[in-house]
Amino acid sequence: MTRSARSGGKGEGRRSRLRVRSRSHLPIRAHITRVCGGYKDHDALRSQPRRRSSSSSLRVRVRVVLSRRSEMAVPLLTTKIVKKRTKHFKRAHSDRYIGLKQSWRRPKGIDSRVRRKFKGCTLMPNIGYGSDKKTRHYLPNKFKKFVVHNISELELLMMHNRTYCAEIAHNVSTKKRKDIVERAAQLDIVVTNKLARLRSQEDE
């Protein structure tokens, strides 16, 4: 086989790969148009011309979402929340014995490999795993949680609605939940579980 034939074979292989890669964007485009109310699949998309209305409807939806977000209280926290470790520290040998639960207890044995921090053993919690003091106790929505049982407790957050969000306690009735959610909307306070029991009551 000559050198030109070999190079030609490689070139054909590269071209075919490029063709496959160039077509890989079609399912993504089909998904976008499906969301915007366009074509059902990418084969129909390739056979028919694009609709301009799909992009305009997408822009309208984005504006509506942004306007809804702007109505809610904006958190004061702008720092990115970083969690050094999200896994729980398990008690040593809790996987070996039924009597030992997974909740952490410090090992105190004189020969304990975990206490002596041997390589490959169970990790022990220490101060280095602690979160930044500026972002400690913050939820992913950048608010601190405050549990409320009634409207009077909710009104404590009136001047702190950009730092704290309300969470309705689990033992509050459906009737009081509606009142708390309505009052929170008036005070512009974020409620994390405003649809909790109301949704289940509607389903029944």
Side-chain angles (χ1 to χ4, degrees), residues 27-28 31 35 65 68-69 71-185 187-204:
I28 298 169
H31 174 69
V35 171
V65 170
R68 285 176 183 171
R69 286 185 179 178
E71 290 173 3
M72 297 171 61
V74 181
L76 283 174
L77 184 70
T78 56
T79 312
K80 185 179 179 181
I81 299 172
V82 177
K83 301 293 182 186
K84 295 178 186 176
R85 181 186 166 96
T86 55
K87 293 181 180 179
H88 291 287
F89 289 97
K90 294 182 181 179
R91 185 177 182 177
H93 292 173
S94 62
D95 57 337
R96 190 178 295 184
Y97 304 108
I98 281 179
L100 296 181
K101 304 303 178 185
Q102 290 187 356
S103 57
W104 173 252
R105 296 292 184 276
R106 181 180 172 81
K108 297 176 182 177
I110 58 172
D111 296 322
S112 175
R113 295 158 57 90
V114 178
R115 181 188 62 79
R116 293 157 71 187
K117 300 180 183 176
F118 280 20
K119 185 177 179 181
C121 290
T122 306
L123 294 174
M124 290 199 302
N126 56 59
I127 198 65
Y129 288 109
S131 298
D132 185 4
K133 192 181 286 186
K134 294 178 183 176
T135 60
R136 197 176 298 163
H137 307 304
Y138 277 90
L139 300 175
N141 61 0
K142 297 191 175 182
F143 285 101
K144 286 184 179 180
K145 182 172 71 174
F146 184 79
V147 180
V148 296
H149 297 80
N150 48 50
I151 294 177
S152 60
E153 289 182 2
L154 180 73
E155 289 174 350
L156 295 173
L157 304 179
M158 190 184 302
M159 303 299 292
H160 309 283
N161 62 338
R162 296 188 65 188
T163 305
Y164 291 90
C165 65
E167 181 172 302
I168 304 172
H170 74 283
N171 56 351
V172 178
S173 65
T174 306
K175 182 181 177 182
K176 284 188 178 180
R177 280 173 186 268
K178 289 180 181 178
D179 299 338
I180 290 171
V181 170
E182 288 175 5
R183 184 58 177 156
L187 299 175
D188 196 19
I189 296 171
V190 176
V191 182
T192 57
N193 58 345
K194 61 183 177 182
L195 299 175
R197 196 171 292 181
L198 304 177
R199 189 187 299 155
S200 61
Q201 290 289 337
E202 289 173 1
D203 294 340
E204 291 174 1

Rounded distance (nearest 0.5 Å) linking atom OG1 of Thr163 with atom CG of Leu157: 9.5 Å
Tyr164 OH: over 12 foreign heavy atoms closer than 6.0 Å: no
From NE2 (His93) to CG (Asp95), nearest 0.5 Å: 7.5 Å
Heavy-atom donor-acceptor pair, Arg177 side chain to Val172 backbone, under 3.5 Å: yes
Backbone N/O of Arg91 and side chain of Ser94: donor-acceptor pair under 3.5 Å: yes
Would you give me the side-chain donor-acceptor pairs under 3.5 Å for residues 100-114, sequence neighbours excluded?
from: Ser112; atom 1: OG; to: Val114; atom 2: N; distance (Å): 3.4
from: Ser112; atom 1: OG; to: Arg115; atom 2: N; distance (Å): 3.3

Audit row: Leu156, Phe146, side chain to side chain contact (heavy atoms under 4.5 Å, CB included) steps and yes/no: CA-CA 10 Å; Leu156 295 173; Phe146 184 79; 4.2 Å; yes
Heavy atoms of other groups near Lys142 NZ, more than 12 under 6.0 Å: yes
Minimum side-chain heavy-atom gap Ile189-Cys165 below 4.5 Å: no
Asn150 side chain near Glu153 side chain, heavy-atom distance below 4.5 Å: yes
4.5 Å side-chain heavy-atom contact, Glu155 and Leu187: yes
Shortest non-hydrogen separation from Leu123 to Tyr129 and the atoms involved: CD1-OH, 3.8 Å
Distance (rounded to the nearest 0.5 Å) between Lys194 NZ and Ile168 CD1: 10.0 Å
Pairwise distance OG1(Thr122) to NZ(Lys90) - rounded to 0.5 angstrom: 9.5 Å
Ile81 side chain near Pro140 side chain, heavy-atom distance below 4.5 Å: no
Minimum heavy-atom distance between Ala166 and Leu154, given as atom pair plus value: CB-CD1, 3.7 Å
For the student: nearest non-hydrogen atoms of Ala169 and Val147, plus distance: CB-CG1, 3.8 Å
Side chain to side chain, Asp179 and Arg183, heavy atoms closer than 4.5 Å: no
Euclidean distance, His149 NE2 relative to Lys176 NZ, rounded to 0.5 Å: 10.0 Å
Donor-acceptor contact present, side-chain Arg197 to main-chain Thr174, <3.5 Å: no
Sidechain-backbone polar pair: Lys84 side chain, Gly128 backbone, donor-acceptor under 3.5 Å: yes
Distance in Å, Thr78 OG1 paired with Lys80 NZ, rounded so as to fall on 0.5 Å steps: 13.5 Å
Side-chain (Asp132) to main-chain (Thr135) donor-acceptor, under 3.5 angstrom: no
Student check: side-chain heavy atoms of Tyr138 and Thr79 closer than 4.5 Å: no
Expected output: side-chain Asn193 to main-chain Glu167 donor-acceptor under 3.5 Å: no
